[in-house]
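A short worksheet on the structure shown next.
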Amino acid sequence: MSKDSQAFERRIVLADPAATQSLGARIAAGLHVGDAVALEGDLGAGKTTLARAILQALGVTEDVPSPTFTLVQHYETSKMPVRHYDLYRIENPAELEELGLEEALDEGVALIEWPERALAWLPPNRLHISMTIMGKGREARLRGPSRWSAAMAEASRGS
Ligand SMILES: Nc1ncnc2c1ncn2[C@@H]1O[C@H](COP(=O)(O)OP(=O)(O)OP(=O)(O)O)[C@@H](O)[C@H]1O
Ligand SMILES: [Mg+2]
C-alpha cells in the first residue's frame with residue numbers, strides 16, 4: 001500500500017439527509033474511472049442513502065434500490081458506468097470476482113456497502129467512508145488518497 005493511499009482524512013457531520021445528499025454530490029464530482037468507494041457502517045447508518053446521492057449527482061434518474069438481495073446493481077451515468085454493491089450477504093470474498101469487481105473498476109466506478117466483508121479484495125487506493133449514527137443525524141469519516149483533499153475543497157467552496 002502506498003503512503004498516499006490514506007493521506008486524505010476528514011470527519012463530516014451530516015445533520016440531516018440533505019447533508020448526505022450534498023456530500024454525495026461532492027464525491028460524485030471527484031470520481032474517476034477506476035475509483036472504488038467503500039461505504040462502511042451499521043444497519044441504517046446511511047450507506048445506501050449516500051450511494052443513491054452519488055448516483056443521482058451523476059445523473060441517474062431511475063430508482064436506486066438497495067442491492068441487498070441482488071448484491072450488485074449496474075448504472076450507466078453521463079460520466080462512467082457505476083456498479084453498486086452490497087456485500088452483506090456474500091459468503092466468500094472470492095465471490096467478488098463473479099460479481100465483476102475487476103471489470104467494474106476497469107470500466108468505471110464501484111460503490112461498495114459492507115466492504116469489511118471483503119477488505120483484502122478491495123483496492124488500497126479506495127475512498128473509504130465510515131458512517132455512524134449520531135443522534136438524529138450521521139457522521140461520516142472519510143479516508144483516501146490525497147487527491148480527495150482538493151476534490152472535496154473544490155466542491156465545498158461552491159456550496
Ligand atoms: N444525515 C442523515 N441524517 C439523518 N438521517 C439520515 C441521514 N442520512 C440518511 N439518513 C436516513 O437513515 C436511513 C438510512 O438508511 P440506509 O438504507 O441508507 O442505510 P444503510 O446504511 O444502507 O443500511 P443497510 O445496512 O441496511 O444497507 C434512511 O432512512 C435515511 O433517510
Ligand atoms: Mg444499504
Side-chain angles (χ1 to χ4, degrees), residues 6 8-31 35-77 79-101 103-105 108-123 126-144 148-149 151-159:
Q6 302 288 291
F8 166 70
E9 226 176 319
R10 171 114 21 119
R11 201 176 268 264
I12 302 176
V13 174
L14 305 168
D16 52 31
T20 302
Q21 197 75 26
S22 91
L23 174 61
R26 289 202 254 166
I27 293 168
L31 285 175
D35 282 341
V37 181
L39 298 163
E40 190 179 341
D42 288 342
L43 288 170
K47 304 178 293 296
T48 300
T49 306
L50 184 55
R52 190 174 288 135
I54 293 170
L55 285 160
Q56 288 169 347
L58 291 172
V60 171
T61 53
E62 70 200 86
D63 264 7
V64 177
S66 170
T68 313
F69 297 102
T70 54
L71 302 187
V72 59
Q73 299 278 347
H74 297 228
Y75 299 90
E76 290 302 328
T77 79
K79 235 171 142 183
M80 75 280 277
V82 179
R83 297 193 205 190
H84 178 197
Y85 293 89
D86 185 328
L87 305 183
Y88 190 76
R89 290 188 151 74
I90 67 164
E91 276 155 24
N92 181 335
E95 281 177 53
L96 268 182
E97 214 170 305
E98 286 158 42
L99 292 170
L101 180 68
E103 292 83 349
L105 296 174
V109 162
L111 309 177
I112 306 155
E113 296 186 46
W114 294 98
E116 53 274 60
R117 298 283 198 270
L119 270 191
W121 296 66
L122 301 183
R126 65 188 176 269
L127 178 63
H128 197 104
I129 305 178
S130 302
M131 306 201 50
T132 46
I133 299 179
M134 275 214 337
K136 288 186 180 159
R138 305 288 186 269
E139 185 185 76
R141 284 198 318 272
L142 285 68
R143 272 173 291 141
W148 282 101
S149 306
M152 298 301 284
E154 194 80 17
S156 57
R157 233 178 279 143
S159 66

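Just so you know, these numbers use all the heavy atoms, side chains as well, and skip hydrogens, waters and symmetry mates. When a ligand or atom number is given, it counts from 1 through the structure's own listing order.
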Could you list which atoms of ligand 1 come closer than 4.0 Å to a heavy atom of [X]?
| X | answer |
| --- | --- |
| Asp42 | 21 (O) |
| Leu14 | 1 (N), 2 (C), 3 (N) |
| Trp114 | 25 (O) |
| Glu113 | 22 (O), 27 (O) |
| Gly137 | 3 (N), 4 (C) |
| Thr20 | 1 (N), 2 (C), 7 (C), 8 (N) |

Metal check, the Mg ion (ligand 2) vs Ser66 N/O/S, cut-off below 2.8 Å: no
Is [X] in polar range of ligand 1, meaning some N or O pair under 3.5 Å apart?
| X | answer |
| --- | --- |
| Gly46 | yes |
| Ser66 | no |
| Ala45 | yes |

Less than 4.5 Å apart, any side-chain heavy atom of [X] and any of [Y]?
| X | Y | answer |
| --- | --- | --- |
| Gln21 | Leu23 | no |
| Glu139 | Met131 | no |
| Glu113 | Tyr85 | no |
| Leu50 | Val37 | no |
| Val109 | Ile54 | no |
| Leu71 | Leu87 | no |

Geometric cation-pi criterion Arg143 and Phe8, 6.0 Å radius, 45° cone: no
Can you check whether [Y]'s main-chain N or O pairs, donor with acceptor, with [X]'s side chain at less than 3.5 Å?
| X | Y | result |
| --- | --- | --- |
| Thr70 | Gln73 | no |
| Glu98 | Glu95 | no |
| Asp42 | Ala45 | no |

CG on Leu39 to OG1 on Thr48, rounded to 0.5 Å: 8.0 Å
Distance (rounded to the nearest 0.5 Å) between Leu127 CG and Ile27 CD1: 5.5 Å
Nearest option to atom 17 (O) of ligand 1, as decided by whichever heavy atom of Val13, Thr48, Thr68, Leu39 sits closest: Thr48
Per-atom contact, atom 8 (N) of ligand 1, protein heavy atoms, under 4.0 angstrom: yes
If you have a sec, work out which protein heavy atom is nearest [atom] and how many Å separate them, to one decimal?
| atom | result |
| --- | --- |
| atom 31 (O) of ligand 1 | Pro17 CG, 4.1 Å |
| atom 10 (N) of ligand 1 | Arg138 NH2, 3.9 Å |
| atom 15 (O) of ligand 1 | Thr49 OG1, 3.8 Å |
| atom 26 (O) of ligand 1 | Leu43 CD2, 3.6 Å |
| atom 14 (C) of ligand 1 | Gly44 O, 3.3 Å |
| atom 25 (O) of ligand 1 | Lys47 NZ, 2.8 Å |
| atom 4 (C) of ligand 1 | Lys136 O, 3.1 Å |

Heteroatom of Glu113 nearest to the Mg ion (ligand 2) (N, O or S, atom name): OE1
Under-4.0 Å heavy-atom contact with ligand 1, by part of Asp16 that carries it: backbone
Sole residue of Arg141, His128, Lys47 in side chain to side chain donor-acceptor pair (under 3.5 Å) with Glu40: His128
